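I have placed the structure first, in the form of structure tokens, so that the comments after it can refer back to it.
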Amino acid sequence: MSAASYESNVELAAIAERIRAASRIAVTTHVKPDGDAIGSTLALARAIEHLGKHAAVWYIGSLMEVFDSVIEPTAVHLVAETRLPPDDFDLVLITDTGAKSQLRELTPWLERHCDHAAIIDHHIQGDADLAAMRIVRPEEAAASQIVADLIALLGVPMSRPIAEPLYLGIATDTGWFRFSNTTSRTLRLAANLIDAGVDHADLYRRIEQTDPLGRLRLLARALASLEIVAGGRAAILTLRRGDYEASEASPDDTHGFSDLPLSVASIEVSCVIAETKHGHVKLSLRSKPGPNAVDVNQVARLFGGGGHARASGAKIEHPLDEVRPGVVEALSRV
Ligand SMILES: [Mn+2]
């Protein structure tokens with residue numbers, strides 16, 4: 001990462017000018033695209049097509065099914081080791097990342113196209129040498145907010161097919177307008193997108209309310225395992241292979257479980273101890289912000305893992321019953 005020089009080096013109007021001058025434009029984003037990655041790329045591609053130009057969307061890694069209804073009917077391409085985009089684009093736009101590590105097998109292709117590539121990002125860190133042109137605005141809640149400005153500069157009218165992906169990007173990156181990155185600008189933009197035809201309640205249902213029943217059954221078993229230690233400050237949830245089988249779920253269905261115990265006033269730190277398919281252990285740790293915040297990065301390090309101060313994890317190649325007492329002990333001391 002070359003953090004020092006990872007900042008804007010052109011005006012957004014210059015990117016709009018490059019789009020107007022181009023005829024074949026590739027649009028891409030980070031691996032395992034999330035709502036903002038999908039939203040910013042799709043909206044941009046649809047706006048470019050509106051201008052009568054060719055836009056090709058290239059995604060890296062598999063796509064979450066939950067986004068299918070937003071992506072349709074736009075045709076998108078998937079990068080594979082044996083399948084890179086063609087080399088005949090006169091402009092490449094990268095949204096929601098500028099980090100080579102997030103672009104994986106596309107990086108060598110991008111390096112060949114660096115001189116006519118532009119990053120549109122809201123992250124603090126990235127690789128400045130990835131693209132000749134950069135718009136980096138960490139103050140923006142979502143890359144989709146910057147793309148909304150770019151589309152306005154292009155003079156493309158805000159229609160529902162463009163507004164819906166933008167709303168998806170902004171809503172998902174702000175936790176549906178709950179996180180502190182939500183600003184008055186965010187809400188004004190969202191209001192404009194609803195005026196353009198976004199059915200926000202329907203979109204919420206399609207994106208956030210599509211879990212398989214097995215996940216809820218697994219959550220029930222996770223909550224039934226609840227153990228409180230450290231005088232009520234720490235919560236531990238334990239899931240074993242038998243729990244996945246009984247609930248017809250998989251270890252992938254545990255995402256988000258570690259956040260739930262933090263809804264309790266006294267609980268400062270939360271941990272999910274999950275047995276993996278191979279009989280090993282995956283720890284997920286979360287803590288609340290504040291003056292007495294528990295640094296869960298330090299806790300995870302005790303078990304060979306790490307991450308951030310408020311969210312971290314570890315993968316431990318030992319059986320769950322060997323690992324668990326040490327985790328309980330560590331959390332009893334927070
Ligand atoms: Mn984002």
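Counting starts at 1 for both ligands and their atoms, following the listed order. If you're wondering where the values come from, they're calculated on a predicted model, not measured in any experiment.
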Please walk me through it: do Ser144 and Asp36 pass side-chain hydrogen bond (donor to acceptor under 3.5 Å, both in side chains)? CA-CA 6 Å; Ser144 293; Asp36 189 29; 2.7 Å; yes
Connected to Leu331, directly or through other members, by ILVMFWY side-chain contacts below 4.5 Å are Val229, Ile236, Val269, Ile273, Val281, Leu283, Leu285, Val294, Val296, Val299, Leu302, Phe303, Ile316, Leu320, Val323, Val327, Val328, Val334
May I have all residue pairs that pass salt bridge (Lys or Arg N to Asp or Glu O under 4.0 Å) and include part of residues 276-304, sequence neighbours excluded? Asp259-Arg286
Just to verify, what does Glu268 make a side-chain hydrogen bond (donor to acceptor under 3.5 Å, both in side chains) with, not counting sequence neighbours? none
With the threshold set at 4.0 Å, does a side-chain nitrogen-carboxylate oxygen contact exist between Glu164 and Arg46? no
In this structure, would Ile146 and Val27 fall into the same cluster of hydrophobic residues linked by side-chain contacts under 4.5 Å? yes
Counting only protein N/O/S, how many atoms fall short of 2.8 Å from the Mn ion (ligand 1)? 4
